[in-house]
Amino acid sequence: MPDLGPVLLSLHLAAVTTGILLVIGVPLAYWLATTQARLKPVVEAVTALPLVLPPTVIGFYLLILMNPSAPLGAAWVSLTGGTLSFSFSGLVFASAIYSLPFMVQPLQSAFEAVGRGPMEAAATLRASRLDAVWNVLLPQSARGILTACVLTFAHTIGEFGVVLMVGGNIPERTRVISIAIYEHVESVEYAEAHILSAGLLVFSFVTLVGVYALNRSYRLRVS
Amino acid sequence: MPDLGPVLLSLHLAAVTTGILLVIGVPLAYWLATTQARLKPVVEAVTALPLVLPPTVIGFYLLILMNPSAPLGAAWVSLTGGTLSFSFSGLVFASAIYSLPFMVQPLQSAFEAVGRGPMEAAATLRASRLDAVWNVLLPQSARGILTACVLTFAHTIGEFGVVLMVGGNIPERTRVISIAIYEHVESVEYAEAHILSAGLLVFSFVTLVGVYALNRSYRLRVS
Amino acid sequence: GQAHQGDVMVAVATNFLDTAKVLEAEFEAETALEVTLSSGSTGQLYSQIENGAPFDIFLAADTDRPRRLVDAGNGLEGTQFTYATGRLVLWMPASQTPDFDGADELRDGSYRALALANPALAPYGAAAEETLVSLDLADSLSDRIVYGQNIGQAYALVASGNAEMGFVAASQLVKGAADGQGGVWEVPGDLHAPIRQDVVLMQRAAGNEAALQFIAFLRSDKALSIMRDHGYEEG
Amino acid sequence: MSADRLSLDIALARETFGLKVREDLALEGVTAVFGPSGSGKTTLLRAIAGLETASEGRISFGETVWQDRAAGVYVAAHRRAVAYVFQDARLFSHLDVQGNLDFAAKRARKAGRSPDVDAAIAAFGIDGLLERRAVSLSGGESRRVALARAVLSCPDLMLLDEPLTGLDRAARRDILPFLKSLPEHSGCPVLYVSHDLEEVAALASAIVVMEAGRVLANGPVGEIGRSLDLGPLSEGAGPASLIEATVTRIDTDSGLMALEAGGETLLLPTAPGAREAEKLRLFIDARDVAIAVERPGPMSIRNVLPARVGRIVSSDAAADALVDLTIGSELIRAQITRHALSELKLETGQQVFALMKSVRLAGDFR
Amino acid sequence: MSADRLSLDIALARETFGLKVREDLALEGVTAVFGPSGSGKTTLLRAIAGLETASEGRISFGETVWQDRAAGVYVAAHRRAVAYVFQDARLFSHLDVQGNLDFAAKRARKAGRSPDVDAAIAAFGIDGLLERRAVSLSGGESRRVALARAVLSCPDLMLLDEPLTGLDRAARRDILPFLKSLPEHSGCPVLYVSHDLEEVAALASAIVVMEAGRVLANGPVGEIGRSLDLGPLSEGAGPASLIEATVTRIDTDSGLMALEAGGETLLLPTAPGAREAEKLRLFIDARDVAIAVERPGPMSIRNVLPARVGRIVSSDAAADALVDLTIGSELIRAQITRHALSELKLETGQQVFALMKSVRLAGDFR
Ligand SMILES: Nc1ncnc2c1ncn2[C@@H]1O[C@H](COP(=O)(O)OP(=O)(O)OP(=O)(O)O)[C@@H](O)[C@H]1O
Ligand SMILES: Nc1ncnc2c1ncn2[C@@H]1O[C@H](COP(=O)(O)OP(=O)(O)OP(=O)(O)O)[C@@H](O)[C@H]1O
Ligand SMILES: [Mg+2]
Ligand SMILES: [Mg+2]
């Protein structure tokens, strides 16, 4: 029986990261979907950058950024008393950056697909922008939101390089399942690695099949 | 002046991987976009799995798969004389698996957006399925294809764990830029790591801004 | 300190992790103090310490990184010593030869790939390369050599059969006893410089009694016998 | 229905088009915005609703200033208390019909109005649709729901953008009564975009005529109808006359009603809900008006009225000629063949009889 | 234009709908598929084109078997040599108009046909549009391009799915002549879906009437028109008559032409391109037919013909009555008020005069 700690920690991390990215991603994606600004392609590129950089490199730079003597790290220390790196909060911060494109891109597509029409209709029915986003745009983007959350969740579970660098592989605190598997592989504990990997694979597979099957029935209902 | 070998190798790998994935991804995405099969969510989940698993773990299993005494590895040896692991071909194979979702998902969305209409119109104008895909579906999906290729290319450049595991880090053969950066970081050669990272970052950023700006003008032209 | 998690935070190079776990258990049983192990590559742990990682003790895989830390003031002057010396072996799982001679095998064997840890990063890799140089094989074998990023990956390359042969750590063969069949050649110590693994106490743990106890424990007979059982020589 | 003043002094520049409107409209009942495709009707309505954030200038409605760029005032769409019925209905696809109605009613209540959901459901005949998803409705049904939803928003001004376009004749006929009753149900003036002259005639009391982003004229329908030849503006519709008539008698036996127009009496099938003394607008296609030189004997055409020939427009290029007829004080246009014109030797001032086979209430689409 | 035989024996089951058609159609010129919304017209056409791969049974066209499930035969859409004009045109948005035309022509050439691109461009009046992107075309323009593209595919059978629906009157009027000339330009029979009776009358020589997935009747338009009361099927259109007439004389001076129908002569504005001895189909709205008991004096109505009263349909519920009139050998329907009916004391067999103000060529939409 493998240690369940890393599994729970991964699920916790993925859930928190997904939640936070949803909160950040919705306004960002909404802005990207509606803006005419010159800056738009630049912001789009920035949100896509985490795809391009090797995770360990991102992790390295985040580590430098979170160093308690660097501005961000120092600010965090003075705010919370603890360091950002090597803490769960740090993992969340790093994962959020790394998984950002997986949240923003599907959301943006979904919002663009809804278009201006329903939002304008809501505005002429006395709904403020916020009201319209909440009660019209989001419900109509349900499928896209689901996709975005699943991708973000999945990618955070699978994420490894950044977390290892920033989190420091501390049991119960930053040792997530992907690091645990990595460690088993590295220390020639292949049986344990196989068990954990298979578990992760089956879990992910079942989740994804569920989501895609749901997506499909969604699609059927709308057409 | 850092060694350019890994940079060129990365570009080469990304280009070849993108090309191969395009060839595989188009039929797969087309099938996913059009099928009514029960199996569809399962296949969708399988193509999304590489997102979930830590790269090093994927690398580890690919290594087991490519072992010259395993079926795949043996087949490759008897076909080419060389082993699949530690070769550029092996890197391409591994990258293709790892980057598959980045090609298939945008393509599938694009094909779904085009819909059955134009394909039916083409069929009634004597165009065979292949003819219609080539001359109607693909041109009408241009934007999605571009997005898919850029994401795949970018992700392959950034890819690291899998390549490291499968490639054996052989200079001039399998030592790509992401490994090079990692090595510099590990061996406390931060200056070199910074230069390479900055180069990669700037290159990726410029590419992405270009693509998104292009995307945007595309969108303007269509509406 | 920041270590809310028990009394001593130990950063340990992955190749020593197994042994460290046994040491940890023994130490905890003896002292009722709590040790937390965090593993990673030596280079990564080094970066983390430089950037404020909450480690009290650094069990590195080489002597260079601890020294750098001492020089930079992160490590406590005078606390660095070699806690273990690694033993390099050449492993060929498929070999049936009863008295397997690695040098002959390297020279004459029919094999496609020889796995090494990355000499730039891993001391075992550097030792393996030295060995090849000493045997005057470095050039003739250069197109058969493949690199794992660390000794763990080198082992994986061999264990998975992708490389027929590879330089691994004796400790790994102890651990993976079931896999460690076939031919194993203990590389003679005169073919490479000793693979010294150094420990250093962090500046932040200067007054940490538990950490000092753990350092002392590393020199105890009990600890040395555990390390020997796991394929290390004493430092 | 009180008269509300809509003051417009706005400009909006697009790449290929500019809207420039400076007009003061006294809105009461239904006011039509009429003009050819691309003349800027939709753009004007959107600017009024606050959906064109790039519009310049000033808009005020009654006492309220909605936009005054000079003073930095721009009231957001959702604070303007306008309801907008889009050409494509724009029901919320994630809600059922009831949900769509409640969406509007809830926000109207928050704004201190008192929408009556049941009354609206009854008024627009959508009781049977309440649990249907918006996407499953037919074109006509979804327009009706959109209208009810707009009414439930309790606006101060209702904006309708071609709510009949794209529907087939049957659906148009079904919806027209609902549009007619809109000022009554909503208790507010309606600005109604159309490029169909007959629709305008059927619904509107006043009309704003647009062309190329400018307002050509505005005023009561009758006046504008006489002073402008709207025919060419109305895509594809032929010449026609529009006259106002008063119901003088309703004969339930024969199913006919008598109407007085310009001093003469016309007989028409009784309109559903017509009351005596009510004023109705009649639409007479010029092709349905025949001219007889002598009073004909007994025939099925009910409306044979003495008339005087006015202007005659005839050209060699067309087989048909247009003849203006004065009947009492009303002007009616007849389209007859040139052949008939020459055979009957019609001349301006001549006394003839107008035979009006098809006089119908405006908007009584057949 | 040779007569081609389309044999259908197909079934297609949908969740809420089943198509079941067993019919042998001798196609020549334009054959209309007529029926209310949801009756399966589109589904039938799609099955014929090979776009409904789930359809069961057998389809053959001329000598060629397109589908025979029992024998395991299913010819793919692109091998059936049918062209399909979709209701929404479905031009290729990534190509300009020329590109759309070339797409069809190139593949027709590969299949051994000889499309004439210039002729099609001229025939459909799209010379000015060749470099326009498909998305920039108006509704009417894109239908014309879609028609030209279909012609350039040189099919053996042309399938049109409501190519006029959703267009306004002006656009419909513009396109109708092109549809009329389609069998000529394409050299193949046309199957044409419509739910507008007048369109059908204007274009088709034969008609297939559908309801609820079944074929109710099929045959020449005239026959079917007489044997079935199509009125109720044709959403929202009132009663009307459809008669065939032969052009006997064309008078260029007056711009009128004389037509002979049922032994009587009618005068109409000369139709563009009409030739002497040509057969034309006339559409006479029952509301445009008046009845006079005596022959009226000089008047602008050109067509005053002796007629005999046939069946009279009148009910207390309606203000109007329908009177069948026999003119020569043709039957024409008149809609008059019940008031007029009782005043004129019309009776079956009575000799009267039919005044036909508006006789128009079928499809000459106004
Ligand atoms: N979003 C837009 N961007 C640029 N030009 C536009 C936009 N919307 C409309 N236009 C242009 O502005 C002009 C006026 O359009 P508008 O929709 O107001 O006309 P309309 O009178 O409502 O026409 P219709 O009767 O066809 O609806 C047209 O030339 C149109 O092409
Ligand atoms: N893809 C589909 N899936 C399920 N049902 C369908 C589908 N397409 C059409 N139907 C149903 O099949 C029936 C016939 O549709 P069809 O489009 O053939 O009718 P139609 O006669 O062409 O109607 P219309 O005049 O409105 O175009 C309808 O009840 C429709 O709801
Ligand atoms: Mg408009
Ligand atoms: Mg249809």
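The chains referred to below are lettered A, B, ... by the order of the sequence lines, with proteins before strands, and numbering in each begins at 1.
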Going through the distances and angles, do E:Arg5 and E:Asp24 end up as a salt bridge (charged side-chain N to carboxylate O under 4.0 Å, His left out)? CA-CA 7 Å; E:Arg5 208 152 199 88; E:Asp24 228 39; 2.9 Å; yes

Pick one of side chain, backbone, both or neither for [X], based on which atoms fall under 4.5 Å of a heavy atom in chain B.
X	result
E:Tyr84	both
E:Ala108	both
E:Ala81	both

Pairs under 3.5 angstrom only: tabulate donor-acceptor contacts from the side chains of residues 11-31 of chain B to other protein residues two or more places apart or in another chain.
residue : atom : partner : partner atom : Å
B:Thr17 : OG1  : B:Leu13 : O            : 2.7
B:Thr18 : OG1  : B:Ala14 : O            : 2.6

Name the option with the most non-hydrogen atom pairs under 4.5 Å to chain B; the candidates are E:Arg149, E:Arg90, E:Arg80. E:Arg90

May I ask you to name which of E:Ala150, E:Ser93, E:Ala104 has the most heavy-atom pairs under 4.5 Å with chain B? E:Ser93

Side-chain donor-acceptor contacts of residues 111-128 of chain E below 3.5 Å, not counting sequence neighbours, with atom names and distances?
residue  : atom : partner  : partner atom : Å
E:Arg113 : NH1  : E:Cys154 : O            : 3.1
E:Arg113 : NH1  : E:Asp156 : OD1          : 2.7
E:Arg113 : NH2  : E:Asp156 : OD1          : 3.4
E:Arg113 : NH2  : E:Asp156 : OD2          : 3.4
E:Asp116 : OD1  : E:Asp118 : N            : 3.3
E:Asp116 : OD1  : E:Ala119 : N            : 3.0

Between CD on residue E:Glu56 and CZ on residue E:Arg69, distance to nearest 0.5 Å: 5.5 Å

Would you give the length of the straight line joining atom OG of B:Ser95 to atom CZ of B:Phe153, rounded to the nearest 0.5 angstrom?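 Going from the OG atom of B:Ser95 to the CZ atom of B:Phe153 covers 11.5 Å.
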
Using modelled atom types only, decide if a donor and an acceptor are shared between the side chain of E:His94 and the backbone of B:Asn135 within a distance under 3.5 Å. yes

Applying a criterion of heavy atom separation less than 4.5 Å, what residues of residues 119-131 of chain B form contacts with chain E?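 Expected list: B:Glu120, B:Ala121, B:Ala122, B:Ala123, B:Thr124, B:Leu125, B:Arg126, B:Ala127, B:Ser128, B:Arg129, B:Asp131.
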
E:Arg79 atom CZ: more than 12 heavy-atom contacts under 6.0 Å: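 No, because the 6.0 Å sphere around CZ of E:Arg79 holds 12 heavy atoms or fewer from other groups.
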
The criterion is salt bridge (Lys or Arg N to Asp or Glu O under 4.0 Å); which residues satisfy it with E:Asp9, sequence neighbours excluded?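 E:Asp9 satisfies salt bridge (Lys or Arg N to Asp or Glu O under 4.0 Å) with E:Arg22 only.
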
